[in-house]
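All remarks here apply to the structure that follows.
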2 protein chains.
Amino acid sequence: MTGRLREGPPRPVRHSAVLGISARTDYAVRAMLALADARAASAEHLTSELLARRQSLPHKFLESVLLELRVAGLVTSRRGPRGGYVLARPAAEISLGDVFRAVDGPLAEVRGLRPQDTAYEGVAEHLPAVWVAVRSSLSEVLDGTSLQDLLDGDLPPHVASLVDSSERAGG
Amino acid sequence: MTGRLREGPPRPVRHSAVLGISARTDYAVRAMLALADARAASAEHLTSELLARRQSLPHKFLESVLLELRVAGLVTSRRGPRGGYVLARPAAEISLGDVFRAVDGPLAEVRGLRPQDTAYEGVAEHLPAVWVAVRSSLSEVLDGTSLQDLLDGDLPPHVASLVDSSERAGG
DNA sequence: CACGAACCCTATGGGGTTAGTAGGAATTGC
DNA sequence: GCAATTCCTACTAACCCCATAGGGTTCGTG
């Protein structure tokens, strides 16, 4: 009874994805790239408003992201007229890992714990090693790529080869 | 002024972490390991109840995880007395990536999109390459490690070396 | 053919995070 | 002092995560 035929394709669509890059993180990286690009041209401060327009980001939301980037010491800010934001260091000295950690906390967590702090009984005994490896592989990409690399489109060799291997595998 | 010193350590504790392994995923892997171990010993089915007890997991919650593993074709189930769950394939032919995808969907997503489907304007132009690389590095670890590897504590070379490099780096 | 063991399924709920908006207080260059 | 701009707090609506409850359904077994 209750004839539960589902007609349309309602699509449960469970998307959590182990590795989920949020809008917040995405925006942070793009804002940092815009700042890196601007820094190459002049020493001017960029306002959050302008930054938002250049990358089509929601202005007020971006403001809160910039706040976190400042607290993390990746950008410096100035209030008032001619105020705005500047990169705190050269773009070659800021990695994607720095940006990620500023807005997302630690790169990897297992149920709220750092990978190396996990512990299991019995048959799952060797699991922590995998968690650590996963974090480490992430770090090799994110900590190995700087904002400057991204501006130049010139990724480190091991990162570029990961892109290639993915293309060969077909996605 | 307005003396807004916060006395206690309220701990903002923003833990989202780019790569967050949820309880659900953790449980799924541990249940699969328990099944892999049992399969080595006999051809019996394991009940969800017993599985839960062996790895100290919440029983009813685990049931819903097992359902997803069955839908994904990683385990088969039997109802009634002497029912329960068995691995659908040998433990050496089931990777952690298989388990992750069964309960978490695609390994990596950027704002709900597959890494290779992202697109950016201007200064962020090369970002998709990084997203793809990140997904690929994750895949190399998770798709390269089987349940059997974990039971044996004998991880593939490139995974083991990631663990080592992490220890050298101090976490 | 009943009985009971076990899976199967849906509903529910509390707590948390995410994405985003709004409004104003604080600061600072001019 | 004025205006620009950051800084901060509060708020909302939607969604996800973990978990529990209560059955319905299937199927070996005696």
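Every chain is numbered from 1, with letters handed out A, B, ... down the list of sequences.
- With DNA chain D read from its 5' end, the first of the two nearest nucleotides for A:Leu67 and A:Pro81 is the one closest to A:Pro81.
- Hydrophobic cluster membership differs between B:Val110 and A:Val163, with clusters built from Ile, Leu, Val, Met, Phe, Trp and Tyr side chains linked at under 4.5 angstrom.
- Each of D:dT6, C:dC8, D:dT29 was ranked by its minimum atom distance to the side chain of A:Tyr85; first place goes to D:dT6.
- Salt-bridge annotation for B:Glu109 and B:Arg135: absent, with no side-chain N of the basic residue lying under 4.0 Å from a carboxylate O of the acidic one.
- One can place CZ of B:Arg78 at 11 Å from P of C:dC7, the figure rounded to the nearest angstrom.
- With rounding to the nearest 0.5 Å, the separation of CG in B:Asp104 from CD in B:Glu68 is 8.5 Å.
- Cluster note: B:Val71 groups with B:Leu67 through ILVMFWY side-chain heavy atoms spaced under 4.5 Å, whether in direct contact or through intervening members.
- Listed nucleotides D:dT5, D:dA19, C:dC9 differ in distance to B:Ala23; the shortest reach to its side chain belongs to D:dA19.
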Show the atom names and distances, to 0.1 Å, of all donor-acceptor pairs under 3.5 Å that link a side chain in residues 124-131 of chain A to residues at least two apart or in another chain.
| unit_1 | atom_1 | unit_2 | atom_2 | d |
| --- | --- | --- | --- | --- |
| A:His126 | ND1 | B:Leu150 | O | 3.3 |
| A:Trp131 | NE1 | A:Tyr120 | OH | 2.9 |

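- Position along DNA chain C of the nearest nucleotide to B:Gly84 versus A:Ser22 favours B:Gly84 as the more 5'-ward residue.
- Following rounding to the nearest Å, A:Arg82 (CZ) and C:dG29 (C1') show an atom-to-atom distance of 9 Å.
- Phosphate contact (OP1/OP2 of C:dG20, side-chain N/O of A:Tyr27, threshold under 4.0 Å): present.
- Using a 4.0 Å cut-off on heavy atoms, the residues of residues 29-50 of chain A that approach DNA chain D are A:Thr47, A:Ser48, listed by number.
- An OP1 or OP2 oxygen of C:dC8 is reached within less than 4.0 angstrom by a side-chain nitrogen or oxygen of B:Arg70.
- Here the C1' atom of nucleotide D:dC2 and the CZ atom of A:Arg79 are 17 Å apart, to the nearest Å.
- The pair A:Arg111-A:Asp117 does not meet the salt-bridge criterion, since no charged nitrogen lies less than 4.0 angstrom from a carboxylate oxygen.
- Computed from coordinates, the A:Leu57 CG to C:dA19 P distance equals 13 Å when rounded to whole Å.
- Salt bridge annotation for A:Arg168-A:Asp164: absent, with no cationic side-chain nitrogen under 4.0 angstrom from a carboxylate oxygen.
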Sort me out a list of protein N/O and nucleotides 21-23 of chain C N/O pairs below 3.5 Å, or just none if empty.
| unit_1 | atom_1 | unit_2 | atom_2 | d |
| --- | --- | --- | --- | --- |
| C:dG23 | O6 | A:Lys60 | NZ | 2.6 |

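- OP1 and OP2 of C:dC9 both lie 4.0 Å or more from every side-chain N or O belonging to B:Ser64.
- In this model, no side-chain donor or acceptor of A:Arg24 finds a partner on the base of C:dT18 within 3.5 Å.
- Both B:Arg111 and B:Gly80 sit near DNA chain C, but only B:Gly80 has its closest nucleotide nearer the 5' end.
- Rounding to whole angstrom units, CD of residue B:Glu68 and P of C:dC8 are separated by 13 Å.
- Within the 4.5 Å cutoff, the side chain of B:Leu57 has no heavy atoms near those of the B:Leu51 side chain.
- Every residue was checked against the salt bridge (charged side-chain N to carboxylate O under 4.0 Å, His left out) condition with B:Arg39, not counting sequence neighbours, and none meets it.
- Contact annotation: A:Ser77 side-chain N/O to D:dC7 OP1/OP2 distance is under 4.0 Å.
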Which donor-acceptor pairs under 3.5 Å do the side chains of residues 88-100 of chain B make with protein atoms, sequence neighbours left out?
| unit_1 | atom_1 | unit_2 | atom_2 | d |
| --- | --- | --- | --- | --- |
| B:Arg89 | NE | B:Glu93 | O | 3.2 |
| B:Arg89 | NH2 | B:Glu93 | O | 3.1 |
| B:Arg89 | NH2 | B:Asp98 | OD2 | 3.3 |
| B:Ser95 | OG | B:Gly97 | N | 3.3 |
| B:Ser95 | OG | B:Asp98 | N | 3.1 |
| B:Ser95 | OG | B:Asp98 | OD2 | 3.3 |
| B:Asp98 | OD2 | B:Ser95 | N | 3.0 |

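- As rounded to whole Å, 15 Å separates atom P of D:dT5 from atom CG of A:Leu62.
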